[in-house]
**Student:** 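To start, I am sharing the structure in question, which I have written as structure tokens.
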Amino acid sequence: MLEFTLEGKNDRRADFADTTEFCRSLVDCLRRMHRVDHPGASTLPRYRIQKLEIGSALIGLSSDQETDHAVTLLTQTLSSIRNRRQYDVPLNAEDIRAFRSLSDPLESQTSTVIVADIPIDAVFRESCEWMLAQAPKSFGQAIGRLEGMNVHNRSFFRLYPEGQDKGAECYFADAMYDKVHSAMKKRVQVRGLIHRDPDGIGIDRITQIEDIEIVPETAELPSLTSLFGLFQNAPINREMINEGWE
């Protein structure tokens with residue numbers, strides 16, 4: 001069973017809105033850990049309240065799946081994040097932000113959040129920020145399908161690599177709106193500052209976008225066999241070779 005506690009700032013009584021939001025965040029983190037434990041699982045576990053004390057909210061949760069080890073993975077990961085140790089489960093930037101959201105009640109009416117005896121406090125939040133800041137970034141290109149444009153507060157779209165459901169948020173200047181709009185639902189190459197996930201593999205987001213170029217669909221590209229013999233009778237330009245062509 002996973003136990004957690006929330007205490008209010010004034011008389012220690014937990015704020016209902018804070019408790020509700022925290023529970024949503026906690027279940028989100030538990031389900032992320034379940035996906036690590038059961039890759040490709042079609043169903044997610046239900047977490048039921050096994051223990052409840054009022055005043056300051058002390059709640060105990062348990063899973064309805066006997067093979068669910070998400071609680072163990074969660075507590076191990078919380079401890080690793082807080083102490084800035086190498087965590088045992090693969091976490092992308094989106095996962096770390098989900099864990100960071102567990103500390104959001106502290107910015108409202110809640111003074112204390114504890115999960116499995118691990119304080120979710122300013123130290124924990126700073127460690128999440130530190131891990132996100134450690135993720136590598138560099139200027140480069142990324143190819144994917146442009147979808148999900150949003151211009152409400154900041155202008156961005158999502159770039160989805162082929163065969164993946166996780167898209168990277170790509171922030172663009174207002175002057176690029178028409179170009180982005182015309183490329184909607186198309187396969188594009190985006191050039192800008194690429195922020196990778198903490199593991200250095202996946203792409204979290206792209207900022208300082210310099211250019212967006214529509215590229216051919218995979219099915220439109222010529223096959224390797226169709227290129228065999230294509231240049232067999234082409235003359236050799238030795239001056240070109242000497243200029244650096246290989």
**Student:** Under 4.5 Å between side-chain heavy atoms, counting indirect links through other Ile/Leu/Val/Met/Phe/Trp/Tyr residues: same cluster for Leu52 and Leu6 or not?
**Tutor:** yes
**Student:** Please determine whether salt bridge (Lys or Arg N to Asp or Glu O under 4.0 Å) holds for the pair Arg145 and Glu217, giving the CA-CA distance in whole Å, both sets of side-chain angles, and the decisive distance to 0.1 Å.
**Tutor:** CA-CA 10 Å; Arg145 193 164 301 281; Glu217 298 288 343; 2.7 Å; yes
**Student:** Measuring from atom CZ of Arg35 to atom CG of Leu30, what distance do you get when rounded to the nearest 0.5 angstrom?
**Tutor:** 11.0 Å
**Student:** Considering only NZ, NE, NH1 and NH2 on the basic side and carboxylate oxygens on the acidic side, decide whether Glu21 and Arg24 come within less than 4.0 Å.
**Tutor:** yes
**Student:** Between atom CG of Asp95 and atom CZ of Arg32, what is the distance when rounded to the nearest 0.5 Å?
**Tutor:**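 So the CG of Asp95 and the CZ of Arg32 are separated by 5.0 Å.
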**Student:** So how far is it from Ile203 CD1 to Ile201 CD1, rounded to the nearest 0.5 Å?
**Tutor:** 12.0 Å
**Student:** Is the Phe156 ring parallel, tilted or perpendicular to the Tyr171 ring (thresholds 30°, 60°)?
**Tutor:** tilted
**Student:** Taking the six-membered ring for Trp, are Phe22 and Phe4 closer than 6.0 Å centroid to centroid?
**Tutor:**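 Between Phe4 and Phe22, which both carry aromatic rings, the centre distance is below 6.0 Å.
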**Student:** Go through the steps to decide whether His195 and Ile206 satisfy the test side-chain contact (heavy atoms from CB on, under 4.5 Å), and finish with yes or no.
**Tutor:** CA-CA 6 Å; His195 302 250; Ile206 304 177; 5.8 Å; no
**Student:** With a 6.0 Å cut-off (strictly less than), is the heavy-atom count around CG of Asp64, excluding the residue itself, greater than 12?
**Tutor:** yes
**Student:** Decide, yes or no, whether a salt bridge links Glu213 with Arg191 under the criterion of side-chain N to carboxylate O below 4.0 Å.
**Tutor:** no
**Student:** Is Lys166 reaching over with its side chain to a backbone N or O of Asp204, donor-acceptor style, under 3.5 angstrom?
**Tutor:**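 No: the side chain of Lys166 does not pair with the backbone of Asp204.
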**Student:** With rounding to the nearest 0.5 angstrom, report the CD to CD1 distance, Glu53 to Ile59.
**Tutor:** 10.5 Å
**Student:** How long is the gap from CG on Leu193 to OG on Ser138, to the nearest 0.5 Å?
**Tutor:**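 Here the interatomic distance stands at 7.5 Å.
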**Student:** Tell me every residue that passes side chain to side chain donor-acceptor pair (under 3.5 Å) with Ser25, counting only those two or more places apart in sequence or in another chain.
**Tutor:** Ser101
**Student:** Side chains of residues 110-122: which donor-acceptor pairs under 3.5 Å do they make with residues two or more places apart or in other chains?
**Tutor:**
from	atom 1	to	atom 2	distance (Å)
Thr110	OG1	Asp18	OD2	2.7
Ser111	OG	Glu7	O	3.2
Ser111	OG	Gly8	O	3.0
Asp121	OD1	Arg82	NE	3.4
Asp121	OD1	Arg82	NH2	3.4
Asp121	OD1	Val123	N	3.2
Asp121	OD1	Phe124	N	3.0
Asp121	OD2	Arg82	NH2	2.6

**Student:** Start with the C-alpha distance between Asp37 and Thr72, add both sets of side-chain angles, then the distance that settles side-chain contact (heavy atoms from CB on, under 4.5 Å), and finish with yes or no.
**Tutor:** CA-CA 10 Å; Asp37 192 34; Thr72 301; over 6 Å; no
**Student:** Are Pro161 and Ile143 side-chain neighbours, meaning at least one heavy-atom pair lies under 4.5 Å?
**Tutor:**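 No, their side chains stay 4.5 Å or more apart.
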**Student:** Could you check if a side-chain atom of Thr207 sits within less than 4.5 angstrom of a side-chain atom of Arg205, using non-hydrogen atoms only?
**Tutor:** yes
**Student:** Tyr47 and Asp68: side-chain donor and acceptor closer than 3.5 Å?
**Tutor:**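 There is such a pair between these side chains.
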**Student:** Salt bridge (Lys or Arg N to Asp or Glu O under 4.0 Å) between Asp104 and Arg125: does it pass, once the steps are laid out?
**Tutor:** CA-CA 9 Å; Asp104 287 351; Arg125 190 174 185 89; 3.0 Å; yes
**Student:** Once rounded to the nearest 0.5 Å, what's the spacing between atom CD of Glu94 and atom CG of Asp28?
**Tutor:**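 Answer rounded to 0.5 Å: 8.5 Å.
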**Student:** So, does Thr19 use its side chain to make a donor-acceptor pair with the main chain of Asp15 at under 3.5 Å?
**Tutor:** yes
**Student:** Quick check against the 3.5 Å criterion: does Asp197 have a side-chain atom that pairs as donor or acceptor with the backbone of Ala93?
**Tutor:**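 Judged by distance alone, yes, a pair lies under 3.5 Å.
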**Student:** Sub-3.5 Å donor-acceptor pair from the side chain of Arg187 to the main-chain atoms of Pro216, do we have one?
**Tutor:**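 Indeed, once roles are kept as given, a pair shorter than 3.5 Å links the two residues.
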**Student:** Checking Lys186 now: which residues fulfil side chain to side chain donor-acceptor pair (under 3.5 Å) with it, not counting sequence neighbours?
**Tutor:**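 With neighbours one apart ignored, the set is empty.
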**Student:** Using the side-chain contact (heavy atoms from CB on, under 4.5 Å) rule, take Asn150 and Phe157 through it: C-alpha gap first, then chi angles, then the decisive distance, then the call.
**Tutor:** CA-CA 6 Å; Asn150 188 314; Phe157 59 86; over 6 Å; no
**Student:** Any heavy-atom pair between the side chains of His69 and Met33 that's under 4.5 Å?
**Tutor:** no
**Student:** I would like to know whether Val71 and Ser63 meet side-chain contact (heavy atoms from CB on, under 4.5 Å); could you show each step before the answer?
**Tutor:** CA-CA 8 Å; Val71 169; Ser63 173; 5.8 Å; no
